[in-house]
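This chain uses plain numbering: 1 for the first residue, then up along the sequence.
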Amino acid sequence: MRVAGRSTAPQARHAERVPVPRPADHTGLDADQLPDGLVVADESGRVVRFNAAAERITAVRAADALGQPLEKALPLEDLEGRRWWQLTDPYGGLAIRTRQPERNLLLPGGREVLVSARFVRDEPLGPVRCLFVALRDTEARRRTERSHAELIATVAHELRSPLTSVKGFTATLLAKWERFTDDQKRLMLETVDADADRVTRLIAELLDISRIDSGRLEVRRQPVDIGAAVGRHIQAYVAAGQRADRFLLRLEQPLPALWADPDKIDQVLSNLLENAVRHGEGTVTIDVTPTASPREGEETGTSVTVSDEGPGIPEESMNRVFTRFWRGSKRGGTGLGLYIVKGIVEAHGGTITVGRAAGGGAEFRFTLPVAAPAYLA
């Protein structure tokens, strides 16, 4: 391992009648800022509000929908092809109704949307004075469901191999223990141990993904010597048979004191170095430098760049590198490592990017804020 050093220096009151919704009220809330579609019809059933999300979901311009009867502006059908507004009759139906539960309906052309409605009345059992219709695109939900299904299938496939190996070797040892030499027993047990470690890593990845997706990834900050952490990973690769001169660590001093979760930073470094060693070629260079903090209100941060001299990542693939199941040109692994790396870095308030290194290979760069505890500020 070569180490080079450089030195540098009041809410609104309710009216008796429900007012026609306006684009924005005194709170500054604009219906066009809502992530879901919102369509509002007045007491006569004509559309008085058609927000930007509704335009996007229905492919109907607000200018064309406003003033139109609701059934014309929003011609929904159920999955059996029946006209929805005639079927549900929001203005002439049961006077006790206050809402329509969310359900799948079809737009013209067969596009599926999730629709729910709220009936507003001046008084119980009175006529409908205003109808709010919420629209949600089902495509995002379908993508999430597909992603979860792919995750389950991938992990199940990855678990099957080590568990089959563990079961096979343990069953063989139990049935024929006396027939094997000590060396054969040791080889089998070492294989079982390695496969058990693989299963443990897969389970840890699943837990990390669950915490990242739910926003519950905890960061336990402690002082971290990032240069020493990189050095430990390099020494582990050398001990495992990699040439020492394949790694170049460059530390730019002085580095700011970094407060981060040491275990999670080790996980980030492990993934990035493994990618460089497995998929890259030539020298793996790790630059650790002080830099501007990615967090507003802090001046300094720490940047770590891992680059290699291999073929690099195709330009058209760079926007997918940190997504689930991306594996690049070489197959193997679950394709979850870089997704987890991005989640860990962002949980620290940092940023991570991918690009092309000066030597032509891949270059990953993550930047962390100093994040010192308040009592040290």
Side-chain angles (χ1 to χ4, degrees), residues 147-214 216-218 229-244 246-247 261-281 284 306 308 310 321-344 362 364:
S147 180
H148 288 165
E150 290 173 2
L151 178 61
I152 292 171
T154 298
V155 172
H157 175 76
E158 293 292 329
L159 284 172
R160 181 182 302 168
S161 177
L163 288 177
T164 300
S165 172
V166 168
K167 178 61 178 176
F169 279 121
T170 54
T172 302
L173 285 170
L174 288 171
K176 303 176 181 180
W177 179 267
E178 301 298 335
R179 299 186 185 183
F180 297 109
T181 66
D182 288 346
D183 287 342
Q184 289 173 325
K185 292 174 184 175
R186 176 177 291 277
L187 178 60
M188 290 185 184
L189 289 173
E190 286 175 347
T191 304
V192 168
D193 183 63
D195 284 333
D197 286 341
R198 183 178 169 189
V199 170
T200 301
R201 286 195 299 272
L202 283 168
I203 294 172
E205 285 184 347
L206 274 179
L207 292 173
D208 284 336
I209 288 174
S210 174
R211 294 181 184 118
I212 289 169
D213 288 348
S214 62
R216 294 185 294 106
L217 187 66
E218 292 185 5
V230 174
R232 287 194 302 271
H233 284 278
I234 293 175
Q235 290 169 7
Y237 275 106
V238 173
Q242 291 288 332
R243 301 189 325 273
R246 188 179 180 188
F247 301 93
D261 189 316
D263 292 335
K264 290 182 171 55
I265 296 304
D266 272 343
Q267 194 173 349
V268 171
L269 293 173
S270 176
N271 270 286
L272 295 183
L273 286 171
E274 182 181 358
N275 278 340
V277 170
R278 178 186 295 181
H279 303 295
E281 298 172 4
V284 176
V306 179
D308 62 73
V321 166
F322 297 109
T323 60
R324 293 181 183 181
F325 312 120
W326 185 85
R327 296 184 180 91
S329 58
K330 295 183 180 180
R331 309 298 290 178
T334 60
L336 300 173
L338 291 175
Y339 178 81
I340 294 172
V341 162
K342 183 174 184 289
I344 290 174
F364 288 89

Tightest non-hydrogen contact, residues Gly343 and Leu217, listed as O-CD2, 3.9 Å
query: Is the side chain of Thr200 donor-acceptor paired with the backbone N or O of Ala196 at a distance under 3.5 Å, no angle test?
result: yes
Within the 4.5 Å heavy-atom criterion, are Tyr237 and Val284 side-chain neighbours or not?
no
Between Arg246 and Gly280 the two heavy atoms that sit nearest each other are NH2-O, 3.3 Å
*Starting from the C-alpha separation in whole Å, work towards a yes-or-no answer on side chain to side chain contact (heavy atoms under 4.5 Å, CB included) for Ile340 and Val268.*
CA-CA 8 Å; Ile340 294 172; Val268 171; over 6 Å; no
The reported gap from CG in Asn275 to NE2 in His279 (rounded to nearest 0.5 angstrom) is 5.0 Å
**Asked** Are there more than 12 heavy atoms of other residues, nucleotides or ligands under 6.0 Å from atom NZ of Lys185?
**Response** yes
Separation between CZ (Arg186) and OG1 (Thr181), nearest 0.5 Å, reads 11.0 Å
Does the distance from a Lys or Arg side-chain N to an Asp or Glu carboxylate O, for Asp208 and Arg211, drop under 4.0 Å? yes
Between the CG atom in Leu336 and the CG atom in Leu202, the distance rounded to the nearest 0.5 Å is 8.5 Å
*For the residue pair Glu218 and Asp261, establish whether any side-chain heavy-atom pair is separated by less than 4.5 Å.*
no
Would you say the side-chain atoms of Thr191 pair up with the backbone N or O of Leu187, donor to acceptor, closer than 3.5 Å?
yes
Minimal heavy-atom distance between Gln184 and Phe180, with the atoms involved, is OE1-CA, 3.3 Å
Output for pair (Lys342 NZ, Asn271 CG), nearest 0.5 Å, gives 14.5 Å
Between Asp195 and Ser165 the two heavy atoms that sit nearest each other are OD2-OG, 2.6 Å
Any Arg232 side-chain heavy atom under 4.5 Å of Asp266 side chain = yes
Between Ala244 and Val238 the two heavy atoms that sit nearest each other are CA-CG2, 3.8 Å
Item to complete: Mind running side chain to side chain contact (heavy atoms under 4.5 Å, CB included) on Phe364 and Val341 for me, showing each step along the way?
Response: CA-CA 11 Å; Phe364 288 89; Val341 162; over 6 Å; no
Exercise. Within a strict 4.5 Å, meaning less than it, do heavy atoms of the Leu338 and Leu272 side chains meet?
Worked result: yes
One should read off an interatomic distance between Leu163 CG and Arg198 CZ, to the nearest 0.5 angstrom, of 9.5 Å
dist Met188:CE -> Asp193:CG (nearest 0.5 Å) comes out at 15.5 Å
Smallest heavy-atom separation, Ile344 atom then Ile212 atom, equals N-CD1, 4.5 Å
